[in-house]
Amino acid sequence: MPELKRTLSHLCLVSVLMLTACAGQTKPDETLYQRLGGLQGVTTIVDNLLYELGSNEKLIGFFAETDIDRFRSKLIEQLCQVSDGGCEYTGDSMAQAHSTMSLDQSHFDSLVNDLIAAMDAAGTPVTAQNDLLSRLVPMYDEVMHPQRYLETDSPS
Amino acid sequence: MVKPMLCFLSLLCLGSAALAESTSKILGTSALSQLEGASGGGIVPWATIGGYGSEGEWGAAASISGVQVDDFILDTGTVLVGVNNRLELSYAQQTLQVEELASGPFDAVIQQQVYGLKVRAFGHLIYERWPQVSVGLQQKYNQNPNIAKDVLGADSDQGTDVYVSASKLWLHALGGRNVLVNATARYTNANQIGLLGFGNADGSDYQLVAEGSAALFLNPHWAVGGEYRQKPDRLSSVDESAWWDAFVAWFPNPRIAVVAAYVDLGTVALWDEQRGGYVSIQITN
Ligand code: HEM
C-alpha cells in the first residue's frame, strides 16, 4: 500500500510538471500564420534561413545552381500555405524539388537547425516554432526518398 | 574518482571545441548519459544514439554524475561514442559508497564497470512516423565479488543485460511543447543494476523488466520529466524495489547538458526509503 501511495505521488508530480506547459495556450482562432507574424514574419524567417544557409558549409553546395529568388518566393508561399495563411503553393512537389540531391539525415538535421536559428532570430515564439516544424516534418520521406514518389506520381 | 573525471571532462571540453563543427543533430537529441553509460535519461537507456553525430558523422560524450541518497552515494563516470546515428559504444565506471555508519556487513565501497553497445534498428526520433527503435547490450563487471557472492548470495560477479528501447519526440504535442516518450524492455539478471551481483542461489535467473521515461521540452533548452525503472527482486538476503526519478535537464548548447533530479531508489540492500538527489553533467563534442 505505501508503494502504491508513493507511485501515485510520483505520478502527480510528473503531471503537475506537465500541466505547467499548458499555461501558455494560444487563442484558439489564431492561425499559425498569424502566430508566425503573417507575411512579414514568414518573410523574415525565410530571409534569415537564406542567411543561415549562406554560411552552412554542409549545405551551401546544394544551392550553387539555385535561382535564389525563386527558392525564396516558393518557400514563403509554402510556409504560408502550411501555416493556414491562405496561400496556394505553386512550386514543384517536394519530390521533384529534391529529386537530384540524394540527401541524407545529416543534411535534413542541418537544415532543421538552420530553420530553428532563423525562427529564433525572427523572434518566433517556441510553440509556433514547434507547430511549424511539426507541419514540415511529415514531408521528410518525400524530400529524402523522392524516387518513391516520382515513380507513383508520374502520369503513365 | 570524481576528480580525474572532472579533469577528463575539461580536457574533452577543450578538445570538443576543435571538433565542434562536424555534428548536425538537433539540440537535445543526443539525450543524456544514463547511469550505465548509454545515451538515455538518468536511469533508463533510450533508443537515442549518444552524441550529436548524424548520418555520416560521429559524436562523443562524456559525463560525470552523482546520486546521493540517505545511506549511500553512487558516483558514475561515462564515455560514449556514437557513429552514423546508428551505433553507440559506451563505458561506465560506477562507485557505490556506503555511508560509514550504515555500512553493516558491507565494505564501504562497491565498484562496477559497464561496457555498452547499442544499435538503432529502425525509425527516427523525430522525422519518421514510427518511433526510433534500438537494441542494446550492457556487459557488467562487478569488482567486489566478495560482497555480491559471498555475503549476499548472488550467482555471479558479471552479467549481460539486453534491452530494446523505443523513443519518440512528438513536436507540438502538449500545450504547443515537444514531448519525448521512451519505453524500454530489459532482460537482466542484475541485482541493483549489478552493484549487488547477478542472479541468486538458484542460478542466473534472468527476468524481463519494464522501464519508461517521459519528458516535456518547455523550450529547446529546458526539459522536465520523470522516469521509472522496474527492478527484479531475486536475492533472498536483501530486498530490491523499483527506481523513480523526476528531473530537470538543461541544454544550453550542443556542447553541454546538465541534469538535476529527485530520485527514489526505494529499498536498496538493508536500507529502505533511499531518496535523494542526482546531478549529472555531460560534455559533447
Ligand atoms: C521538409 C523539409 C524541406 C522543405 C519543406 C523544403 C522546401 C523547398 C521548396 C519549397 C523548394 C522550392 C521548390 C521550387 O523551386 O519549386 C525547395 C528547393 C530546394 N531545396 Fe528544399 N526543402 C526541404 C528540405 C531540404 C533539404 C534538407 C535540403 C538540403 C540541402 C534542401 C535543399 C533544397 C535545394 C538545393 C533547393 C533548390 C533546388 C533548385 O535549385 O531547383 N531542401 N525546397
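Chain naming here is simple, since letters A, B, ... match the order of the sequence lines and numbering starts at 1 in each. Below, all heavy atoms of this structure are taken into account, side chains as well, without hydrogens, waters or symmetry copies.
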Show the nearest heavy-atom pair for residues [X] and [Y], with the distance to one decimal.
X	Y	answer
A:Ser106	B:Glu57	CB-OE2, 3.7 Å
A:Thr127	B:His172	O-CD2, 3.4 Å
A:Asn113	B:Ser24	ND2-O, 2.7 Å

* Could you list all the disulfide (SG to SG under 2.5 Å) pairs where at least one residue sits in residues 80-141 of chain A, not counting sequence neighbours? => A:Cys80-A:Cys87
* State whether the number of non-hydrogen atoms from other residues, nucleotides or ligands found under 6.0 Å of A:Tyr51 atom OH is greater than 12. =>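 Check fails, neighbour count at 12 or below.
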What is the distance from atom [atom1] of [X] to atom [atom2] of [Y], rounded to the nearest 0.5 Å?
X	Y	atom1	atom2	result
B:Ile26	A:Ser110	CD1	OG	8.5 Å
A:Asn130	B:Leu169	CG	CG	8.5 Å
A:Met144	B:Glu55	CE	CD	6.0 Å
A:Gln129	B:Leu171	CD	CG	11.5 Å

* chain B heavy atoms under 4.5 Å from A:Leu136: which part of the residue, side chain, backbone, both or neither? -> neither
* Asked: Based on non-hydrogen pairs under 4.5 Å, which of B:Gly56, B:Pro220, B:Ser54, B:Gly53 is most in contact with chain A?
  ->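 Ranked by contacts with chain A, first place is B:Ser54.
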* To do: Among the options B:Asn178, B:Asn219, B:Leu27, pick out the one with the most heavy-atom pairs lying under 4.5 Å from chain A.
  =>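 Highest number of pairs under 4.5 Å: B:Asn178.
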* Asked: What pairs meet the ring-ring contact (aromatic ring centres under 6.0 Å, His included) rule with one or both residues in residues 113-142 of chain A, with sequence neighbours excluded?
  ->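 Matches after skipping sequence neighbours: A:Phe108-A:Tyr140, A:Tyr140-B:Tyr127.
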* Asked: Most heavy-atom pairs under 4.5 angstrom with chain B, which of A:Asp141, A:Val137, A:Asp120, A:Val126?
  ->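 It is A:Val137.
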